[in-house]
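Computed over heavy atoms, backbone and side chain alike; hydrogens, waters and symmetry mates excluded.
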Amino acid sequence: KKKIDDFFSASKKNDNFVGEVRGQRVELTGVKTENFNYVKRDRVQYDQLRSDFDNHGRSDFLKRLGADKEKELRAAGLNDADIALIQQGKVPQGWQVHHKKPLDDGGDNNFNNLVLIKNDPYHQAITNAQKRLVGDLKPGEARTVDFPIPEGSIYPPTP
């Protein structure tokens, strides 16, 4: 735990999160850490939330982004074909829909908890950090963590 705390306290810089991808440090502008007590969720609850997300949550979120945030999608570097996919509820290649606060710990499928995030290096850096922080927990176990949470509904907001 001390090594994890040392890594993540050193990772904070100018309110930007610094993660790691393939052994390289990556600064994520506008990704702050939120301190909270992470409690690994019961698998039955998790599985239901994940199923809801996979069956309609992801698609509904993308369709809303495509309808309401076309200008922001373009600013993030997405092209006409990518935006058309988003408007159909599909994830463009190289992107993911990510839960800011994971389903594994009290997170939900509400749109304010979701972000369309570019895979490399941003989603990878956040996912790597999350695995280091809580990947070893079993259902019901808890740990206080500084968790990286991207702001907004599209990350990065500009290329």
Item to check | Atom pair CG/CZ of N37 and R143 - distance to nearest 0.5 Å | outcome: 10.5 Å

Checklist entry - Do the side chains of L85 and L73 join up, straight or via other hydrophobic residues, at under 4.5 Å, putting them in one cluster? => result no

Checklist entry - Charged N to carboxylate O under 4.0 angstrom, R132 versus E20? => result yes

Checklist entry - So which heavy atom on L49 is nearest to which on G107, and how close? => result CD1-O, 4.0 Å

Checklist entry - Cluster question for you: counting only ILVMFWY and a side-chain heavy-atom cut-off of under 4.5 Å, with indirect links fine, are Y122 and F17 together? => result yes

Item to check | Spacing of Q48 atom CD and Q45 atom CD [to the nearest 0.5 Å] | outcome: 10.0 Å

Next on the checklist: Between N110 and D108, do the side chains contain a donor N or O and an acceptor N or O under 3.5 Å apart?
Outcome noted: yes

Checklist entry - Of all heavy-atom pairs between I154 and A76, which one has the smallest distance, and what is that distance? => result CG2-CB, 3.7 Å

Next on the checklist: Under 3.5 Å, is there a donor on one side chain and an acceptor on the other for D146 and N35?
Outcome noted: yes

Next on the checklist: Grouping I, L, V, M, F, W and Y whenever their side-chain heavy atoms are under 4.5 Å apart, do I83 and V91 come out in a common cluster?
Outcome noted: yes

Next on the checklist: Closer than 4.0 angstrom, basic N to acidic O: yes or no for R64 and D60?
Outcome noted: no

Checklist entry - Passes side-chain contact (heavy atoms from CB on, under 4.5 Å), D105 versus L137? Steps please. => result CA-CA 11 Å; D105 165 69; L137 294 179; over 6 Å; no

Checklist entry - Do the rings of Y38 and F147 sit parallel, tilted or perpendicular, given the 30° and 60° boundaries? => result tilted

Checklist entry - Within a strict 4.5 Å, meaning less than it, do heavy atoms of the W95 and H123 side chains meet? => result no

Item to check | Stepwise side-chain contact (heavy atoms from CB on, under 4.5 Å) check, L62 with L116 | outcome: CA-CA 8 Å; L62 289 166; L116 179 65; 4.0 Å; yes

Checklist entry - Does I86 belong to the same Ile/Leu/Val/Met/Phe/Trp/Tyr cluster as L114, with side-chain heavy atoms less than 4.5 Å apart forming each link? => result yes

Item to check | Heavy-atom check, side chain of P150 versus side chain of L28, under 4.5 Å | outcome: no

Checklist entry - Between S51 and D47, is there a donor-acceptor pair closer than 3.5 Å when you use the side chain of the first and the backbone of the second? => result no

Checklist entry - Between G30 and E151, which heavy-atom pair has the shortest distance, and what is it? => result O-CG, 3.4 Å

Checklist entry - Do the side chain of Q124 and the main chain of V21 share a donor and acceptor less than 3.5 angstrom apart? => result no

Item to check | Test: D104 and R41 ion pair at under 4.0 Å | outcome: no

Item to check | CG on N109 to CG on D52, rounded to 0.5 Å | outcome: 6.5 Å

Checklist entry - Does the pair K63/D68 count as a salt bridge with the N-to-O cut at 4.0 Å? => result no

Checklist entry - Going by heavy atoms in the side chains, are P102 and Q130 under 4.5 Å from each other? => result yes

Next on the checklist: Using side-chain contact (heavy atoms from CB on, under 4.5 Å), reason through N119 and H98 one step at a time and then give a plain yes or no.
Outcome noted: CA-CA 10 Å; N119 282 337; H98 173 79; over 6 Å; no

Next on the checklist: Counting C-beta onward and ignoring hydrogens, is there a side-chain heavy-atom pair between S59 and K90 closer than 4.5 Å?
Outcome noted: no

Item to check | Closest contact, heavy atoms only, R58 versus R50 | outcome: NH2-NH1, 4.3 Å

Item to check | Over 12 non-hydrogen atoms of neighbours within 6.0 angstrom of NZ in K100 | outcome: yes

Item to check | Quiz item: cation-pi between R43 and Y46, 6.0 Å / 45° | outcome: yes

Checklist entry - Mind checking whether L133 and P148 have side chains closer than 4.5 Å, heavy atoms only? => result yes

Item to check | Closest approach of S153 to K69 (non-hydrogen atoms, all atoms of both residues) | outcome: OG-CE, 3.9 Å

Next on the checklist: Is there a path of hydrophobic side-chain contacts, each under 4.5 Å between heavy atoms, that joins F111 and I117?
Outcome noted: no

Checklist entry - When you look at T33 and I149, which way does the side-chain contact (heavy atoms from CB on, under 4.5 Å) test go after all the steps? => result CA-CA 6 Å; T33 57; I149 309 234; over 6 Å; no

Checklist entry - Would H99 and F53 count as a close aromatic pair, with their ring centres under 6.0 Å? => result yes

Checklist outcome for this item: In terms of heavy-atom contacts, P159 and A75 come closest through CD-O, 3.0 Å

